[in-house]
Amino acid sequence: MKELLWTIPALPFLGALLLIVFGRNFSRQLSAVVGAGSIGLSALITILIGVDFMSSGSKPFRQLLWNWIDVAGLNTSFAFHLDALSLVFIFVITFVGFLIHLYSIEFMAEDEGFARFFAYLNLFVCSMLILVLADNLVLMYLGWEGVGLCSYLLIGFWYEEKKNGDAARKAFIVTRVGDTAMAIGLFMLFDAFGTLTIQNILMQAP
């Protein structure tokens with residue numbers, strides 16, 4: 001069952017992709033089904049994986065999807081790491097995210113940007129899941145950037161009002177400062193440990 005781990009972030013991403021590409025042609029009902037349904041499926045799979053994880057002794061699980069970067073000694077994979085802590089995080093993200101989606105269906109019912117809102121929300125959930133499941137700091141950084149992008153998009157969702165656009169730009173600039181500092185930290189860690197794989201760094205750090 002743990003082999004299905006990759007589907008937990010993949011389903012919200014697929015939902016976001018469908019809504020971005022076809023959302024204008026979808027009815028509000030279909031947009032709601034795609035948006036909330038993809039998160040609901042992720043939540044269901046999280047339960048199944050959680051039961052399997054605990055019944056197998058709660059041993060950490062690593063899922064390698066593909067090798068991503070291999071240059072100048074830096075070997076980074078697109079891989080996920082599941083342990084007790086990340087399981088708690090994905091449980092919270094998927095279930096709270098599903099409840100937010102259900103609430104938003106009614107709250108956004110009359111809004112012209114209905115499908116666009118759920119596309120942003122699905123991408124936000126996907127980015128958070130990548131952030132907490134990442135096996136290495138480069139992939140975690142990708143998830144972090146996705147969360148920052150979606151924060152900008154959601155804060156400025158009603159961009160016709162100047163104050164919303166200003167707030168979105170402010171959030172974007174502030175998070176870019178944090179991104180720069182984080183990138184410098186990744187360079188320092190690679191220089192010190194020769195790897196950006198989280199578990200390898202934890203083994204060497206003491």
Side-chain angles (χ1 to χ4, degrees), residues 6 8-17 19-21 23 35-36 38-39 42 65 68-69 74 76-81 85-101 103-104 107-108 111 113-193 195-198 201-202 205:
W6 68 274
I8 295 177
L11 285 168
F13 178 77
L14 179 60
L17 191 62
L19 290 167
I20 290 170
V21 177
S38 59
I39 308 299
S42 288
L65 299 178
W68 189 12
I69 301 171
L74 173 62
T76 302
S77 303
F78 203 103
F80 296 132
H81 178 87
L85 180 60
S86 59
L87 179 61
V88 171
F89 276 124
I90 62 174
F91 183 86
V92 171
I93 292 168
T94 55
F95 278 85
V96 174
F98 180 60
L99 294 176
I100 291 172
H101 274 70
Y103 174 81
S104 299
F107 185 80
M108 299 293 292
D111 197 281
F114 189 85
R116 178 166 60 93
F117 177 80
F118 279 97
Y120 293 167
L121 210 55
N122 272 35
L123 193 59
F124 189 44
V125 171
C126 170
S127 299
M128 285 192 291
L129 289 168
I130 291 175
L131 176 64
V132 301
L133 284 172
D135 172 71
N136 59 80
L137 293 173
V138 177
L139 185 58
M140 188 187 78
Y141 191 80
L142 177 67
W144 172 268
E145 287 295 323
V147 169
L149 170 64
C150 294
S151 296
Y152 166 75
L153 294 173
L154 288 168
I155 292 170
F157 182 77
W158 289 295
Y159 57 86
E160 294 89 350
E161 296 184 32
K162 185 177 183 300
K163 62 180 181 179
N164 295 331
D166 291 342
R169 283 189 291 272
K170 180 179 178 181
F172 185 82
I173 292 170
V174 170
T175 52
R176 293 295 75 74
V177 174
D179 294 344
T180 302
M182 187 174 178
I184 293 172
L186 297 190
F187 282 113
M188 294 172 66
L189 284 170
F190 183 71
D191 181 62
F193 299 107
T195 180
L196 289 177
T197 301
I198 296 171
I201 291 175
L202 291 176

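Side chains included, hydrogens not; waters and symmetry mates left out as well; all remaining heavy atoms used.
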Quick one: side-chain contact (heavy atoms from CB on, under 4.5 Å) partners of L85, sequence neighbours excluded?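 L85 satisfies side-chain contact (heavy atoms from CB on, under 4.5 Å) with D83, F89 once adjacent residues are dropped.
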
Ring centers of F118, F114 separated by less than 6.0 Å: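 F118 vs F114: aromatic centres under 6.0 Å.
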
Looking at N164 and W158, would you say the former's side chain and the latter's main chain have a donor-acceptor pair under 3.5 Å?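 Side chain of N164 to backbone of W158: a pair is present.
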
What I'd like to find out is whether the side chain of [X] reaches to under 4.5 Å of the side chain of [Y], using heavy atoms alone.
{"X": "I201", "Y": "L137", "answer": "yes"}
{"X": "I93", "Y": "I8", "answer": "no"}
{"X": "F80", "Y": "I90", "answer": "no"}
{"X": "I198", "Y": "D135", "answer": "no"}

Could you work out, with ring-ring contact (aromatic ring centres under 6.0 Å, His included) as the rule, every residue matching F107, not counting sequence neighbours?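 Partners of F107 under the ring-ring contact (aromatic ring centres under 6.0 Å, His included) test: Y103.
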
Considering only NZ, NE, NH1 and NH2 on the basic side and carboxylate oxygens on the acidic side, decide whether R169 and D166 come within less than 4.0 Å.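 Answer for the salt bridge query: yes.
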
Of the non-hydrogen atoms in [X] and [Y], which two are nearest, and what is the gap between them?
{"X": "A16", "Y": "A119", "value": "CB-O, 3.6 Å"}
{"X": "A115", "Y": "L19", "value": "O-CB, 4.0 Å"}
{"X": "H101", "Y": "G35", "value": "CD2-O, 3.3 Å"}

Kindly compute the distance separating [atom1] ([X]) from [atom2] ([Y]), expressed to the nearest 0.5 Å.
{"X": "C126", "Y": "L17", "atom1": "SG", "atom2": "CG", "result": "10.5 Å"}
{"X": "F95", "Y": "S42", "atom1": "CZ", "atom2": "OG", "result": "10.0 Å"}
{"X": "N122", "Y": "S38", "atom1": "CG", "atom2": "OG", "result": "4.0 Å"}
{"X": "L196", "Y": "S77", "atom1": "CG", "atom2": "OG", "result": "11.5 Å"}
{"X": "R116", "Y": "L153", "atom1": "CZ", "atom2": "CG", "result": "9.0 Å"}
{"X": "W6", "Y": "L129", "atom1": "CH2", "atom2": "CG", "result": "14.0 Å"}

Neighbour count >12 (heavy atoms, 6.0 Å) for atom CZ, F124: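 It does: F124 CZ has more than 12 such atoms within range.
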
Using a cut-off of 6.0 Å, state whether more than 12 heavy atoms not belonging to F13 lie near its atom CZ.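 Counting neighbours around CZ of F13, 12 or fewer heavy atoms of other residues, nucleotides or ligands fall under 6.0 Å, so no.
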
Under 3.5 Å, sequence neighbours excluded: what are the donor-acceptor pairs made by side chains of residues 171-193?
| from | atom 1 | to | atom 2 | distance (Å) |
| --- | --- | --- | --- | --- |
| T175 | OG1 | A171 | O | 2.9 |
| T175 | OG1 | F172 | O | 2.9 |
| R176 | NE | D179 | OD2 | 2.7 |
| R176 | NH1 | F172 | O | 3.4 |
| R176 | NH2 | E145 | OE1 | 3.4 |
| R176 | NH2 | D179 | OD2 | 2.3 |
| D179 | OD1 | W144 | NE1 | 2.4 |
| T180 | OG1 | R176 | O | 3.0 |

Between F117 and D111, does a side chain to side chain contact (heavy atoms under 4.5 Å, CB included) hold up when you go through it step by step? CA-CA 9 Å; F117 177 80; D111 197 281; over 6 Å; no

What's the verdict on side chain to side chain contact (heavy atoms under 4.5 Å, CB included) for I130 and L139, showing C-alpha distance, side-chain angles and the deciding distance? CA-CA 7 Å; I130 291 175; L139 185 58; 4.0 Å; yes

